[in-house]
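A short write-up of the structure that comes next.
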Amino acid sequence: HNSPWFMVLDNMGTILKDTVFGSQYMIGKEGSCGELYEDKSGGYIVIGTFDSILTSDPTEPQNYPAFIAHLDTNFRITWLTEFPYTAEDGHRQGVLVRQLHDSSYVIIGDSWDVTGYDKGFAAKISRTGEIVWSHNYISEALQNAYLRDGIEKPDGSLIFTGQSSNDTLPLWHQHFDMWLVGVDSNGCEVMNCGITKVNTEPAEAGFGFSVYPNPTSGNLTINTSRSGKFTVFNMLGQLVSAYSVTPGI
């Protein structure tokens, strides 16, 4: 797998500037990845995989974690987000990126391991490279399935399109059916699945605060000018955390 090579050409094909990345970065793993997009907020978005041999078997998927990166106009990385292999998520591989109305990004592809069916994969990435949400999707056919494109609807929900294997058809068939997946703005097939929200006790006049990122499955930051007690619940009403906040601490 060759190192990514980025070039700017004039209208006569002359190279004005170019950058070659180190061998740690790959594009073209398994015939996909490596797409380059112009970011409407400036710079570029690129997806690919790392070449990081973590086990003695170089064919194991955890050796090639996927990434999405933002590059400035000189092709320097301004942020990079990795999707490492996990037993729960498998190897998540990005094939395509779409930029959403709020200038964030959704990466679309598939997730696979050596023990089960391949699944569809999609994740929303903020403008600063934080994972807003990440989901795997299983085809009702219970066969290998892959997502390959998507659109955002005016209400922020998403429609993904892809293909699902169907081994019950005759051999002359191509063994794939069209697969459509509709999700809400949080990537959920079921409305607001697993999204965390913040509730507070009744507020005094002038008591303001901000919470970010929201939703999140990781760290939560609360900005406030007053002390207060905060409780965090998920969308099932289950208590996630409860704690007191003191400004400056």
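Residue numbers start at 1 and run along the sequence shown.
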Over all heavy atoms of both residues, which pair between [X] and [Y] is shortest? Give the atoms and the distance, please.
{"X": "K40", "Y": "S103", "answer": "CE-OG, 3.4 Å"}
{"X": "P84", "Y": "P65", "answer": "CA-CB, 3.8 Å"}
{"X": "S157", "Y": "D155", "answer": "OG-OD1, 2.6 Å"}
{"X": "G187", "Y": "H135", "answer": "O-CD2, 3.1 Å"}
{"X": "F121", "Y": "S111", "answer": "CB-N, 3.9 Å"}
{"X": "E152", "Y": "H101", "answer": "OE1-N, 2.8 Å"}

About how many Å separate [atom2] of [Y] and [atom1] of [X], when rounded to the nearest 0.5 Å?
{"X": "Y44", "Y": "D72", "atom1": "OH", "atom2": "CG", "result": "9.0 Å"}
{"X": "D149", "Y": "L96", "atom1": "CG", "atom2": "CG", "result": "5.0 Å"}
{"X": "W133", "Y": "S126", "atom1": "CH2", "atom2": "OG", "result": "13.0 Å"}
{"X": "L9", "Y": "D18", "atom1": "CG", "atom2": "CG", "result": "9.5 Å"}
{"X": "S134", "Y": "R92", "atom1": "OG", "atom2": "CZ", "result": "4.5 Å"}
{"X": "Q163", "Y": "Y146", "atom1": "CD", "atom2": "OH", "result": "7.5 Å"}

Side-chain contact, heavy-atom cut-off 4.5 Å: [X] with [Y]?
{"X": "V183", "Y": "F160", "result": "yes"}
{"X": "Y137", "Y": "W179", "result": "yes"}
{"X": "I125", "Y": "W79", "result": "yes"}
{"X": "L36", "Y": "F6", "result": "yes"}

Check each of [options] against [X] using the side chain to side chain contact (heavy atoms under 4.5 Å, CB included) test, and report the only one that passes.
{"X": "Y105", "options": "V97, T81, V132", "result": "V97"}
{"X": "S104", "options": "Q99, R98, K124", "result": "K124"}
{"X": "I107", "options": "I45, I68, I131", "result": "I68"}

Can you hop from [X] to [Y] via hydrophobic side chains spaced under 4.5 Å?
{"X": "I108", "Y": "M178", "value": "no"}
{"X": "L71", "Y": "V8", "value": "yes"}
{"X": "V106", "Y": "I159", "value": "no"}
{"X": "L180", "Y": "L147", "value": "no"}
{"X": "M7", "Y": "V20", "value": "yes"}

For the side chain of [X] and the backbone of [Y], is there at least one donor-acceptor N/O pair under 3.5 Å apart?
{"X": "N136", "Y": "D89", "answer": "yes"}
{"X": "T78", "Y": "H70", "answer": "yes"}
{"X": "Q93", "Y": "A66", "answer": "no"}

Exercise for the section: Please step through side chain to side chain contact (heavy atoms under 4.5 Å, CB included) for the pair V46 and Y37, ending with a clear verdict. Expected result: CA-CA 6 Å; V46 64; Y37 306 88; over 6 Å; no
Problem - Contacts of K119 that satisfy salt bridge (charged side-chain N to carboxylate O under 4.0 Å, His left out) - sequence neighbours left out - result: none
Exercise for the section: Could you tell me whether D39 and R127 make a salt bridge, using a distance below 4.0 angstrom between a side-chain N and a carboxylate O? Expected result: no
Problem - Basic-acidic side-chain contact under 4.0 Å: K153, D184 - result: no
